[in-house]
Number of protein chains: 2
Amino acid sequence: MNSKGNFVKKLRNSGLRPTKQRIKICEVLFKNEKTFHFTINELSKIIAEKIEEKISLATIYNTVHAFKKKGYLKEISINTDKSYFDTNTSHHHHFFDNLTKELTDLSNEDVEKIQINKSLPGKKISSVEILVKVENE
Amino acid sequence: MNSKGNFVKKLRNSGLRPTKQRIKICEVLFKNEKTFHFTINELSKIIAEKIEEKISLATIYNTVHAFKKKGYLKEISINTDKSYFDTNTSHHHHFFDNLTKELTDLSNEDVEKIQINKSLPGKKISSVEILVKVENE
DNA sequence: TTCTAGTTTATAATAATTCTAAAAAAAGTA
DNA sequence: TACTTTTTTTAGAATTATTATAAACTAGAA
């Protein structure tokens with residue numbers, strides 16, 4: 001279980017000043033061990049509900065991007081209308097239900113090794129990401 | 001080689017009135033057999049250059065979305081900042097170079113069969129899309 | 001030719017995100 | 001502690017991409 005003190009350390013270690021706002025956002029994002037997906041809009045609603053003092057939208061944007069840069073969050077592009085962030089930063093894949101817009105993790109272990117028989121001249125692969133679109137049976 | 005007449009037929013067959021604007025956009029998108037990727041912004045620039053009479057931006061949006069709905073175009077979500085469309089509507093995958101923002105097709109045949117050992121209750125897979133991110137060697 | 005539904009257009013509206021500049025807070029220093 | 005510097009936060013403005021609106025136009029049918 002992550003506590004305030006650990007977040008302060010985490011922030012300081014990555015060169016981010018542990019401000020009140022950043023610590024609060026850490027608590028919302030990283031307190032429970034379960035990872036989850038969110039949009040900026042959803043996050044700002046959660047923060048508005050959970051926290052006594054409001055955090056400005058600009059700060060939420062700044063912080064999410066700072067956390068992404070530091071590798072504490074991953075951005076996922078599923079469809080154009082919504083941009084999701086993921087607190088699970090390990091390499092993994094996703095299921096996406098276009099109807100419900102629901103996003104579910106698909107762990108690396110649940111996918112057989114992917115063999116790609118083509119390469120681009122002068123380029124090497126940095127990651128292989130799978131998006132499995134699902135619909136109702 | 002696709003000609004104007006074919007586009008008129010194509011449009012009519014799918015219940016879209018073959019208007020001057022739609023035919024012009026067809027010509028830009030489907031005239032040459034090579035498929036390609038574009039953003040709305042790029043498309044509107046191409047149209048502005050190639051065509052004597054201007055087509056309003058709203059019409060370009062409408063038309064691209066109509067074509068997508070009819071299956072003549074596919075939308076690809078690679079990253080948040082740009083939304084790409086693809087004139088290659090067959091099932092295939094992509095390479096993406098985050099540095100140059102270059103998008104390259106990866107055909108289905110160049111990927112070994114993907115085995116996913118997890119399923120979501122009540123859902124079935126409708127598609128499996130791979131995004132291979134590349135960087136300079 | 002006339003009529004009608006579908007389409008295009010300019011413009012306004014909306015939404016998401018970034019920018020800006022001033023105020024506030026954190027860290028460093030004496 | 002008090003002072004200084006640097007970073008961060010903030011509200012609101014600016015920007016950008018996209019969608020909505022309503023009037024003018026057009027393709028196709030009668």
Side-chain angles (χ1 to χ4, degrees), chain A residues 4-5 7-28 37-48 51-70 72-73 75-85 101, chain B residues 4-5 7-28 37-48 51-70 72-73 75-85 101:
Chain A
K4 193 162 166 174
F7 294 137
V8 171
K9 242 183 271 175
K10 178 175 181 162
L11 289 167
R12 228 188 280 279
N13 285 340
S14 52
L16 295 170
R17 280 193 185 170
T19 64
K20 217 168 31 180
Q21 292 84 345
R22 284 175 178 161
I23 294 164
K24 296 274 182 190
I25 294 174
C26 273
E27 283 170 0
V28 169
H37 309 109
F38 63 92
T39 64
I40 295 271
N41 189 36
E42 286 163 5
L43 177 60
S44 66
K45 273 184 195 157
I46 295 169
I47 289 170
I51 289 177
E52 52 289 352
E53 295 165 78
K54 83 169 279 226
I55 297 179
S56 84
L57 190 58
T59 299
I60 295 173
Y61 272 97
N62 286 341
T63 304
V64 165
H65 285 133
F67 286 3
K68 180 189 165 188
K69 208 166 186 175
K70 295 299 178 184
Y72 302 149
L73 291 174
E75 193 167 5
I76 312 168
S77 278
I78 300 293
N79 61 356
T80 333
D81 26 310
K82 275 187 176 180
S83 173
Y84 295 87
F85 289 88
K101 307 287 173 200
Chain B
K4 192 161 164 172
F7 293 137
V8 171
K9 238 183 275 175
K10 177 176 181 161
L11 288 167
R12 228 189 281 279
N13 285 340
S14 51
L16 294 170
R17 278 197 187 169
T19 64
K20 216 168 32 180
Q21 293 84 346
R22 285 174 178 163
I23 294 163
K24 295 275 182 188
I25 294 174
C26 274
E27 283 171 359
V28 170
H37 308 110
F38 64 91
T39 63
I40 295 270
N41 189 37
E42 286 163 5
L43 178 60
S44 66
K45 274 184 195 156
I46 296 169
I47 290 170
I51 289 177
E52 53 289 353
E53 295 165 77
K54 80 168 282 225
I55 298 179
S56 83
L57 189 56
T59 299
I60 296 174
Y61 271 97
N62 286 341
T63 305
V64 165
H65 285 134
F67 286 3
K68 180 188 164 190
K69 207 167 186 173
K70 296 298 178 186
Y72 301 149
L73 290 174
E75 192 167 7
I76 312 168
S77 276
I78 299 292
N79 60 358
T80 333
D81 25 311
K82 274 185 175 178
S83 174
Y84 295 88
F85 290 88
K101 306 286 173 201

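Every value quoted in this text rests on a predicted model; they were computed, and no experiment measured them. By convention in this document, chain letters (A, B, ...) are assigned in the order of the sequence lines, proteins followed by strands, and residues within each chain are numbered from 1.
- Look at CG on L16(A): it is 14 Å from C1' on dA27(C), rounded to the nearest Å.
- At a threshold of 4.0 Å, the pair E27(A)-R22(A) does not count as salt-bridged, since none of the basic side-chain nitrogens sits closer than that to a carboxylate oxygen.
- Nearest-nucleotide assignment on DNA chain D puts the 5′-proximal partner with S56(A), out of R17(B) and S56(A).
- Side-chain proximity of P18(B) to the nucleotides dT17(C), dT8(C), dG28(D) is greatest for dG28(D).
- Taking atom CG of residue N62(B) and atom P of nucleotide dT26(D), one finds them 17 Å apart after rounding to whole Å.
- Checking side-chain atoms of K68(B) against main-chain N and O of L73(B) turns up no donor-acceptor pair under 3.5 Å.
- Nearest nucleotide to the A58(B) side chain, out of dT11(C), dC19(C), dG28(D): dT11(C).
- Within 4.0 Å of K54(A), counting heavy atoms only, lie sugar-phosphate atoms of the nucleic acid but no base atom.
- As a whole-Å value, the separation of E42(B) CD from dA17(D) P is 12 Å.
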Task: Residues K69(B), E75(B); criterion salt bridge (Lys or Arg N to Asp or Glu O under 4.0 Å); working and verdict - done: CA-CA 10 Å; K69(B) 207 167 186 173; E75(B) 192 167 7; over 6 Å; no
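- One atom, CG of L57(A), and another, P of dG12(D), lie 13 Å apart when rounded to the nearest Å.
- Between H65(B) and dT18(D) there is no side-chain polar atom (N or O) within less than 4.0 angstrom of OP1 or OP2.
- Under 4.0 angstrom from either OP1 or OP2 of dA27(D) there lies no side-chain N or O belonging to R12(B).
- For dT7(C), its base never sits under 3.5 Å from the side chain of R22(B) at any donor and acceptor pair.
- Between H65(B) and F85(B), the angle of the ring planes goes over 60°, which puts this pair in the perpendicular group of the 30/60° scheme.
- Rounded to an integer number of Å, the gap from N41(A) CG to dA15(C) P is 10 Å.
- One interatomic measurement links the two molecules: CD1 of I51(B) to P of dT8(C), which rounds to 13 Å at whole-angstrom precision.
- Taking atom NZ of K24(B) as the reference point, atom P of dT8(C) lies 14 Å away to the nearest angstrom.
- Summarising the geometry of I78(B) relative to S77(A), their closest heavy-atom pair is O-CB, 3.3 Å, with the distance given to 0.1 Å.
- Closest contact between the side chain of Y61(B) and the listed nucleotides dG28(D), dT10(D), dA17(D) involves dA17(D).
- The residue T19(A) sits close only to the backbone: its heavy atoms come under 4.0 Å of sugar-phosphate atoms, none of a base.
- Comparing S83(B) and Q21(A) against DNA chain D, the residue whose closest nucleotide sits nearer the 5' end is Q21(A).
- To the nearest angstrom, C1' of dA20(D) lies 17 Å from CD1 of I60(B).
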